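To start, the structure under review is shown below, and the notes come after it.
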Amino acid sequence: MKQLIISVGREFGSGGHEIAEKLAKLYELPIYDHNLLRELAAEKNLDHDALAEFDETKRKKGLFRTVRGMNSSPAYNVAQLQFEFLKKKGESGESFVVVGRCAETILKDYDGMISLFILADRAAKTERIMKLYNKSEKEALSMMNTHDKYRKQYHNEHCPGKWGDSRNYELSINSSKLGVDETVKIISAYIDARRQ
Amino acid sequence: MLAQILAVVIFVAMFIFIITEIFPRHIITLTCALLTILLVFGLGMQSLDAILSTLNVHSIFNVDFWYAAGEAHEGGSGIDWATIIFIAGMMVMVEGMAHVGFFRWLCMKIAKIVKYKVTSIFMTFMILSFVLAMFIDSITVILFLAAVTIELSQLLKFNPISMILAEVFCANLGGSATMCGDPPNIIIGNKLHYSFADFILNTGLIAAISLVFVLIYFYLVCRKELKQTASNAVDPSTLPNPSEAIKSKSGFVMSTIIFLLAVVLLVTHSMTGLTVAFIGTFIAVLTLITSGKAALSLIKKVDYETLLFFIGLFVVIGGLEETGMLNVLANFIGNICGGNMHLMVAVILWISAVASSFVDNIPFAATMIPVIKNLAATVPGANLDTLAWTLAVGTDIGGSATPIGASANVVGIATAAKEGHIIRWGRYCKLMAPATIIVLSIATAILFLRYL
């Protein structure tokens, strides 16, 4: 089978992760999200929790230094570890779905790569977060703002293109218009067309 | 007054930009250097002489830049081209040594000699790090030592973090022992005309005594961890053979000879009259000639960004010097100490150390050299030699205390992190800050007893 890599960038509360899971199930592919660090830790015999703390976080300027291209920030190095892991998976010819982690940029040179960005209306995202995490509207809004801020900072630190900018992705789609399941159908139709 | 204000504003802005890393640090210092020339020397002082004196290009064409026969005089202000040429030359030599596999071979050979026992590797690698850093920049030392430590940790099943941090500490300590070990020492040596032997007999002695205590400290702190891994018996035949690290036998022999020649030339330079600029150039040319086809790649690998960083830095500090702002700082320190030399040494040592543990020690040392010169000239009883050794030890050792204090720290942490061994500020400081305080206390005692 020809290699298929589906990268899913997402706004917090947009249902991007759920869409990624459904696509992985549909195409019978492994999915790499926060579990990527678990696999990495097991492979290298490392403490997963020590790595997970810095997953998709931005390095704090002033507390860390760069010398000859090497940086002492844990956040920067955990990101690099994940990028190397993804590149290795890509080189091995494996097909997979990857959520976040700058995958649309890191794996952009692979022919089998299809990059998606899932966004949603603010009201729909708030409602979803309230339901999913059992939060008040205020708490949901705060959670959404914080997570999206971190994702944006993390992405923009490692990639030349901006997070969520449609020019960086093959397909950007608003999941709140059709709902998660219909969005998956539209995306899979696109993926099938691309693979022909 | 306008020139003084502009010089201070540019200097402070340079420091802030270096810390924030918004732009590459060589771009920051070069931009600030250009602003110093235009605004401080041009607009504020309207002095072409100040520009020419700070650019200091004429010094390269003097015979004593290459060969200093007889009594040396104190170096002028502005760009220290001798430091830049020497560092560039040593970079070429080190790249040549790395290219043929010298460092990897040396680390693997020592691990084999101590029969791959983790505690023995721990202790010998600390000493190796100290000795290598006396002659080679600490970044290169840690780059190779940390990589081999991680490789051995995977084979011998131990956690490499403590060992890497101990190596980093010893590299910074070893760097303080000689004139060519750490950039602040090269700058201090060139600006104030001290020889390699002067450093060995003064900062070298402090570093050697401190090393004994540092070895004991790291052993005691890490002994439980080391004992746990001591039981991991591994068949030595499954481990890599040191000779596999050598990529070219003839190249290896040649680069070893060049390295030893560099050591001899540095140790004897006060007797031969050959300056560090000459030694750097000679060693680089020799390395390139003997490298054959690899010469071009060696030149490409030179860290030009660091060299440009130095050039810009010297101009910005030249701005402070020419406008007399560093005299103001010297007077301030002089007034605080009120002629008490014990207090002055303690203040310079500990403030240098604290400052170097948070900001790059190179700009700090370069800024402080004119200050200590002024102090020695104006405060009765203040001895320039004592202050120079104090400044060198403070800036070299202080850098070990935090993850951002010295380049070797960053390289050690990043090398470990590449393999997933995350070293956080807390873990780093818990092990390294007490060691730094121990060495600074020893240095304070030696400086007080020997020089005051």
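These numbers were taken from a predicted model, which means no experiment stands behind them. As a basis for the values below, the full set of heavy atoms in this structure was taken, side chains included, without hydrogen atoms, waters or symmetry mates.
- Proximity to chain B (any heavy atom under 4.5 Å) is restricted, for A/Glu53, to the side chain, taken from C-beta onward.
- With salt bridges taken as basic N to acidic carboxylate O contacts below 4.0 Å, none links B/Arg427 and A/Asp47.
- The parts of B/Ile19 that come within reach of chain A are both its backbone and its side chain, each placing non-hydrogen atoms under 4.5 angstrom from that chain.
- A 6.0 Å sphere centred on CD of B/Gln154 holds more than 12 heavy atoms belonging to other residues, nucleotides or ligands.
- Other residues, nucleotides and ligands contribute only 12 or fewer heavy atoms inside 6.0 Å of the CZ atom of B/Arg424.
- Ranked by heavy-atom pairs under 4.5 Å with chain B, the first of A/Asn71, A/Asn77, A/Leu46 is A/Leu46.
- For a residue to count as touching a neighbouring chain, one of its non-hydrogen atoms must lie under 4.5 Å from one of that chain's; by this rule B/Ile139 touches chain A with the side chain only.
- No more than 12 heavy-atom neighbours from other residues, nucleotides or ligands sit within 6.0 angstrom of CZ on B/Phe17.
- Proximity to chain B (any heavy atom under 4.5 Å) is shown, for A/Tyr76, by neither the backbone nor the side chain.
- In plain terms, the two heavy atoms of A/Leu63 and B/Ile404 that are nearest each other are O-CG2, 3.2 Å.
- With a 4.5 angstrom heavy-atom cutoff, B/Leu143 touches chain A only via side-chain atoms.
- Remark: B/Asn159 CG to A/Asn45 CG distance equals 10.0 Å, nearest 0.5 Å.
- For chain A, the nearby parts of B/Glu419 are the backbone and the side chain; heavy atoms of each come within less than 4.5 Å.
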Derivation and outcome, side chain to side chain contact (heavy atoms under 4.5 Å, CB included), residues A/Arg68 and B/Asp303: CA-CA 8 Å; A/Arg68 295 194 195 172; B/Asp303 183 6; 3.2 Å; yes
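- A/Arg65 and B/Ser407 form a side-chain donor-acceptor contact under 3.5 Å, judged by distance and modelled atom types alone.
- Around OH of B/Tyr304, the count of heavy atoms belonging to other residues, nucleotides or ligands within 6.0 Å exceeds 12.
- For A/Glu170, the CD atom counts as densely surrounded, since its 6.0 Å shell holds more than 12 non-hydrogen atoms of other residues, nucleotides or ligands.
- Proximity to chain A (any heavy atom under 4.5 Å) is shown, for B/Glu21, by both the backbone and the side chain.
- By the 4.5 Å heavy-atom criterion applied to side chains, A/Met70 and B/Thr415 are counted as neighbours.
- In this structure, no portion of B/Ala408 lies under 4.5 Å from any heavy atom of chain A.
- Residue A/Lys44 holds its NZ atom at 8.0 Å from NE2 of B/His421, rounded to the nearest 0.5 Å.
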